> 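One structure, as C-alpha cells, below. Some questions next.
This one's a predicted model, so the numbers in the text were calculated from it and none came from an experiment.
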Amino acid sequence: MGDSQTWTAAPSAAEHARSVLAASWSCAVTAEGGREEFVGAHTVAGDGRVTLDVPEDSTMVAAAICAPRGEPSAVLEFADVAPVPVRSRIRARLWIAGWFLPVDGRLEFTTTRVVLRRPSGAVVVDLDEFAAAAPDPLATAEARLLTHLADCHPDAVERLTRLVDADSLHGAVRVQPFAVDRHGLTLRIERARAHGDVRLPFHAPADDVAQLTERMHVLLSQASAASCPRALQRQRTDRDG
C-alpha cells in the first residue's frame, strides 16, 4: 500500500457538530406551534449560537413570544448530506434544543442541549466544547471539492481504491468520494445490496484547500505505487467484456 500513514485523527463530536452547522443551508424547527423548514434563514456566531431571520407571520415567532422564558421550547435540526449522489446520503443529523428570544425582528436561540447522530450512534455534545470548537476548515468547501473529484477525476477515485483492502472491495459495483475533512478522505463503496465506507487518512492535517491538494497528491502517489486490487481488476474485466 505504499508509504505507511501515521495520521489517524478524526474530528471530535463537537467539531463535527460545528461543521454540520457551518455547512448546512437549511434548518428544520420544531416548536409548540408545529414544524417549519427554513432555507438560508439562519446565521451562526463564532461560539455556535444560531439566529433565525424568519417571516413575521411565522408560527415560530408566536411560539417564541409565548414560550416560558428560560425553558426549552424548540428543537433545531440540521442534516449533513453527502454532496455526491450515493445511497443513504444522510451522513449525520444535528439536533439543538433550547429556546428563542425575539431580538430586533430576529429569533436568537439559546442552546441547552446538542445531540449529534452519526452511523455509529448518537452522542450528547458538551455545551462548552460545542461553543469552543471550530468547524472543519474544509467544511464549507467540501461539496465543491467532492463533486469536482467525482465528476472530473473518476480515474483518480479509481486509483485511490488501490489503498483499500481487497476484502472491502469484494462485490463493489461503484466507488464514490463520500466525505473529506482536514484529517482524511472517505470513500463510499457500493455493492449490489449493501454499502460501506473506507477512510483514507492524510499524513498530516490539511488546514486549507492548498494543503488538501498536497495531501491528495500524496495519497495518489501512494496509490500509484500500489497494486490494483484483484476485486477491482475483475470488475474492470467484466465491464470491458
Side-chain angles (χ1 to χ4, degrees), residues 5-29 38-53 74-84 89-98 100-101 103 106-149 177-186 197 199-216 218-219:
Q5 302 194 40
T6 58
W7 185 262
T8 58
S12 67
E15 291 170 336
H16 191 174
R18 290 296 302 273
S19 296
V20 173
L21 193 57
S24 294
W25 182 242
S26 62
C27 172
V29 181
F38 299 100
V39 177
H42 71 277
T43 56
V44 185
D47 60 0
R49 286 178 297 169
V50 178
T51 299
L52 275 179
D53 188 0
V75 176
L76 314 184
E77 180 180 342
F78 303 87
D80 177 15
V81 183
V84 176
R89 292 181 69 177
I90 303 296
R91 301 181 298 192
R93 290 189 184 275
L94 176 66
W95 290 281
I96 304 177
F100 284 114
L101 179 65
V103 177
R106 309 183 76 194
L107 297 179
E108 294 187 357
F109 197 71
T110 298
T111 299
T112 59
R113 185 178 176 87
V114 177
V115 177
L116 177 69
R117 183 173 185 83
R118 297 180 280 195
S120 58
V123 58
V124 177
V125 181
D126 180 84
L127 294 183
D128 290 336
E129 292 180 5
F130 179 77
D136 188 272
L138 303 175
T140 57
E142 183 194 28
R144 171 175 55 85
L145 294 168
L146 289 184
T147 53
H148 177 77
L149 179 60
F178 185 61
V180 69
D181 55 61
R182 67 193 299 259
H183 301 295
L185 172 73
T186 300
D197 300 328
R199 186 171 175 83
L200 303 179
F202 299 142
H203 68 275
D207 292 328
D208 53 39
V209 174
Q211 290 185 4
L212 173 66
T213 300
E214 188 274 336
R215 306 301 187 262
M216 289 295 297
V218 170
L219 285 181

> Using modelled atom types and a 3.5 Å cut-off, is there a donor and acceptor pairing between side-chain atoms of Ser19 and backbone atoms of Asp136?
yes

> Among Leu76, Val125, Val114, Val115, which residue meets the side chain to side chain contact (heavy atoms under 4.5 Å, CB included) test with Leu94?
Val114

> Does the side-chain contact (heavy atoms from CB on, under 4.5 Å) test come out yes or no for Arg199 and His183, once each step is laid out?
CA-CA 10 Å; Arg199 186 171 175 83; His183 301 295; 3.2 Å; yes

> Roughly how far, to the nearest 0.5 Å, is the CG atom of Asp53 from the NE2 atom of His42?
12.0 Å

> About how many Å separate CG of Leu200 and OG1 of Thr186, when rounded to the nearest 0.5 Å?
7.5 Å

> Quick check: do Met216 and Leu149 have side-chain heavy atoms less than 4.5 Å from each other?
yes

> For residues Ala79 and Ile90, report the shortest heavy-atom separation together with the two atoms involved.
CB-CD1, 4.3 Å

> Testing the basics here: between Ala17 and Leu116, what is the closest heavy-atom pair and its distance to 0.1 Å?
N-CD2, 4.1 Å

> Write down the atom of Ile96, the atom of Leu21, and the distance for their closest heavy-atom approach.
CD1-CD1, 4.3 Å

> Pair Leu185, Val180 - check side-chain contact (heavy atoms from CB on, under 4.5 Å), show working.
CA-CA 4 Å; Leu185 172 73; Val180 69; 4.1 Å; yes

> Under the side chain to side chain contact (heavy atoms under 4.5 Å, CB included) test against Arg106, which residue among Leu52, Leu101, Thr51 passes?
Thr51

> Mind checking side chain to side chain donor-acceptor pair (under 3.5 Å) for Arg91 and listing every partner two or more places apart, or none if nothing turns up?
Asp80, Glu142

> Look only at the side chain of Arg93 and the backbone of Glu77, and say whether a donor-acceptor pair between them is shorter than 3.5 Å.
no

> Which pair of heavy atoms, one from Arg215 and one from Ala206, lies closest together, and at what distance?
CG-CB, 3.9 Å

> Can you name the nearest heavy-atom pair linking Gly48 to Phe130, along with the distance?
O-CE2, 3.9 Å

> Without swapping roles, check the side chain of Glu15 against the backbone of Pro11 for a donor-acceptor pair under 3.5 Å.
no

> side-chain contact (heavy atoms from CB on, under 4.5 Å), that's the test. Do Arg113 and Val124 meet it? Break it down for me.
CA-CA 7 Å; Arg113 185 178 176 87; Val124 177; 3.3 Å; yes

> Are the side chain of Thr111 and the backbone of Gly98 linked by a donor-acceptor contact shorter than 3.5 Å?
no

> Which residue pairs satisfy the salt bridge (charged side-chain N to carboxylate O under 4.0 Å, His left out) criterion with at least one member in residues 116-134, sequence neighbours excluded?
none

> Is a side-chain donor or acceptor of Arg18 paired with a backbone partner of Ala134 at a separation under 3.5 angstrom?
no

> Minimum heavy-atom separation for Phe202 and Leu212, please, with both atom names.
CZ-CD1, 3.5 Å

> Report yes if some heavy atom in the side chain of Val39 is under 4.5 Å from a heavy atom in the side chain of Trp25; otherwise report no.
yes

> Within 45° of the axis and under 6.0 Å from the centre of the six-membered ring of Phe109, does NZ or CZ of Arg49 qualify?
no

